[in-house]
Structure formats: structure tokens, C-alpha cells
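Residue numbers begin at 1 in each chain, while the letters A, B, ... track the order of the sequences.
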2 protein chains.
Amino acid sequence: MPKLGMEPIRRQALVKATIAEIGQHGTLDVTVSQIARRAGMSSALAHHYFGGKEQIFVAAMRYTMGVYAAEVRGALTMAQGSKERIEAIVRASFSSRNFRSETVAAWMNFYVLAQVSPEARRLLNVYHRRLRSNLAQGLKPLLGARGEAAASRVAALIDGVYLRQSLGEGEPNGPRAIRQVLEYVHLELGERR
Amino acid sequence: MPKLGMEPIRRQALVKATIAEIGQHGTLDVTVSQIARRAGMSSALAHHYFGGKEQIFVAAMRYTMGVYAAEVRGALTMAQGSKERIEAIVRASFSSRNFRSETVAAWMNFYVLAQVSPEARRLLNVYHRRLRSNLAQGLKPLLGARGEAAASRVAALIDGVYLRQSLGEGEPNGPRAIRQVLEYVHLELGERR
DNA sequence: TTTTTTATTGATTGACGCGTCAATAAAAAC
DNA sequence: GTTTTTATTGACGCGTCAATCAATAAAAAA
């Protein structure tokens, strides 16, 4: 009973199932069958639409990063002023849509995937560049030449907080993470307590 | 031609080979045979001494963390004064013995391992606690109550710098990483430029 | 209505890897 | 000098999994 136009639906179902499966196992060590079963289809169909396992992973990665990028973009359009822009980026990074245990686990594993798949590495580099550039754009007006270095540090801190979250049990605490990073940003901006 | 007392030698060879292999592949996706071959023995012997793959990984993790801990301890005994202690920890974290691409890759994968192996998770938690406690010990005399939060941030930043290094090609740049983290520490200590 | 295209899967294949075991050999203990 | 212990490996069984394929079925096109 094949309904037509299934491809995009199947693809999205697979991508979401992939993230869920990686999140649950905490590893890329998940089988195509597991992913396909969770997405409600046979593994053969997964291969049909994606070609292979690695491509499924890369698609999941692209999707995750797309969601994140959209979130940041959205937050940025609402922000006016350099400081507000930075805070918007940080808030978006730890918004409840991104900062859930599933996504955190997936994200960490994308770093591993990037060691193996050139395409994944490319994607991760795009994310890095964008994040740094976005932060620098907000920081440079306030810090001048020091803005670039500060942006690198903030970016690293964000990733570090993500990484550390992967060890914490239970759902990640977004607000706490935001406070943690923003406290550093405020320090960088010379606001003493 | 079995020489006696081989066990410790074999174990160490396997552990080092494991780190090298993970470093080269960037993944835990390495076979026991590959590890054993690199260590100059049969895979059967690896199983004989370690019991299984996961235990080999955990041993490699314990070893890596042991080297790191020793490095930090050594640097701490030479340091006097709170600020010096903090700088010593940071320097040790990015010393050329720890901050090489092989070790960075291994370290990242230990985070993945910790999602699967309870023992690995325990080890990583020990590392986290120790690092934070060491940093807090140096920061509290200088920052008072704020020291704890600052220690968390510095710890996260260190991990973040490690993570980001895993994407950079070529050997990690230790001095640069040290500068990056110390700049933040100095900021935290209220030293404006 | 026949043909083609799209959707879908069960079954299969081929490879690979972990862990085991029996067998060999040298040292140590007796 | 026999026995036990320690070291070591090749071979292999058993399971798993990615990927393929042939077969089925429904829609669309001709």
C-alpha cells in the first residue's frame, strides 16, 4: 500500500530516530535495524533512502545543526545591541530544544563521527566557524581587537559545558548552564560583581 | 619460550597500543586484534590478560588519567601561592605529555565510553571532581565564595579546549591553549589588560 | 489495460569480530 | 625427572550487522 511522496517523511523519521537512538545508547554503536525499527520501517528501506549507515549519521548531524542554527538565527533577529546578541547566542545554545540529554549525547558523538567522516568534519567546522563569528561580531564592538580571542574562549566554554553535561545524570539544566557561561561573558566585558 | 613475569609488561604494551590505535582511528571502533598486533602479540593473549575489550579500554583510560594526575601532582608540588597553583594545573593539563593528538582523541572517546561502561563513568567523575577541587583550592583564597563557580568554569573551559583540538589537524598547540585558558583565569582574578 | 514508477520488505549474503579452547612450550616447583 | 604453573597462539564457533536482491503491491502514466 505504497502512498506516494513518502521519501521526505521517511527521511525525517529516520533522522529523528537516529538521534533518539544515539541519545539512548550514548554511542554511534547503534544498528541500522534499531534505527529503522524505531522509525517504523524495515532496515532495507533505510538503506534505500540513505544509501548507508554513515550517510544516515551525517543527515542526523546536519539536522541537529540545522535546528541549532535556526534557533540562533531566531534569537539574533530579536536582539539589538552587541551584548544582547551575545546573550541571545548563549541562551539559544542552551535552549530546551538543544540542551536535552538526547541532543547532548548526539552532539558529542558527532565529534567522534567527524574523526571518521570527512563530510561530518566539514559540517562541524562550519558550526565552529559560525559560532565563533557570531560571538566575535558581538564582542568586537565591545572589546576591540581582543574580541576574537574572547570569542574563541566563549565558544570553547560552551562546548565544554556541553561535554560535561554528557556525564551528568538526568536532564540537563539549561538555565544553570546559561548562567555559567554568561557569568564569564560579563567578566570578559569587565563587569565586576 | 615463555619468560616469566610477562603480565605487567604485556598489560602496559596493550594499554599503550590501545591509546595509539584509538588515536589513529579517532574512535573506539578498533578491534582487539589491531590492538594486540600493535602490541606485538596475539589477540588471544590480550583476552587472557584483560578478559575483554571493554576492560582493555578502561585500563587505557585509567592509565591516561594516571599520567595526567601525576603530571598535575608534580606541577603542584613545585607551586607556591594560590595563583601559581592554578597556573600549574593549567600548564600540566596542556603539557606536551598530555596534549598530543593521540591523547586528545583518546580522551574524547573516553567520554563516549563513559556512556556505556559504569567503571569508565566512575573514572571520569573522579577526574572531574579532582580537577574542580584542585582549581577551587587555588581560587577560593583569591575569590572567596565565588571560587567554586569559577573553578567549574575553568574546568569546563579546559575540557572545551581539548574537545576543539580534536577537530584541528596537526599536533595540538599546547602553549597556545595554555595562554587561552590563563587569559581567562587572569580575567577571573580581576587582572585587566 | 498495460506498463512504468515508487514504496516496501523478508530473506540472504558475506564479512567481520569477540571470546574460547585445545595444544605447545618453557620455566619453576617438587 | 616428573609435575605444575605460566606464557602463548592458531583455529574456530557463534553471533551480529551492513548491504543487496528478488519479490510484492499500489499508484501513475501511457
Problem set entry | Near-ring test Tyr162(B)/Phe94(B), centroid separation under 6.0 angstrom | yes
Rounded to whole Å, how long is the line connecting atom [atom1] of [X] with atom [atom2] of [N]?
X: Phe50(B); N: dC18(C); atom1: CZ; atom2: P; result: 15 Å
X: His47(B); N: dC21(C); atom1: NE2; atom2: C1'; result: 13 Å
X: Asp29(B); N: dC17(D); atom1: CG; atom2: C1'; result: 12 Å
X: Met6(B); N: dA25(C); atom1: CE; atom2: C1'; result: 15 Å
X: Ile35(A); N: dT16(D); atom1: CD1; atom2: P; result: 17 Å
X: Met41(A); N: dA19(D); atom1: CE; atom2: P; result: 16 Å
X: His48(B); N: dC18(C); atom1: NE2; atom2: P; result: 18 Å
X: Phe57(A); N: dA18(D); atom1: CZ; atom2: C1'; result: 12 Å

For this session: Please figure out whether Leu45(B) or Val30(A) has its closest DNA chain D nucleotide nearer the 5' end.
Result: Leu45(B)
Exercise. Hey, which of these two, Ala44(B) or Pro8(B), hits DNA chain D nearer its 5' end, going by closest nucleotide?
Worked result: Pro8(B)
Exercise. Reckon Thr31(A) touches a base, only the sugar-phosphate, or nothing at all at heavy-atom distances under 4.0 Å?
Worked result: sugar-phosphate
Exercise. Using a cut-off of 4.0 Å on non-hydrogen atoms, how would the nucleic acid contact of Tyr49(B) be classed: base, sugar-phosphate, or nothing?
Worked result: sugar-phosphate
Exercise. Does NZ or CZ of Arg153(B) lie under 6.0 Å from the centre of the six-membered ring of Tyr184(B), at an angle within 45° of the ring axis?
Worked result: no
Exercise. Among the clusters formed by ILVMFWY side chains lying less than 4.5 Å apart, do Val116(B) and Met108(A) turn up in the same one?
Worked result: no
For this session: Can you figure out which of dT8(D), dT6(D), dT9(D) approaches the side chain of Leu4(B) most closely?
Result: dT6(D)
Exercise. Is Arg10(B) salt-bridged to Glu7(B), going by a charged N under 4.0 Å from an acidic O?
Worked result: no
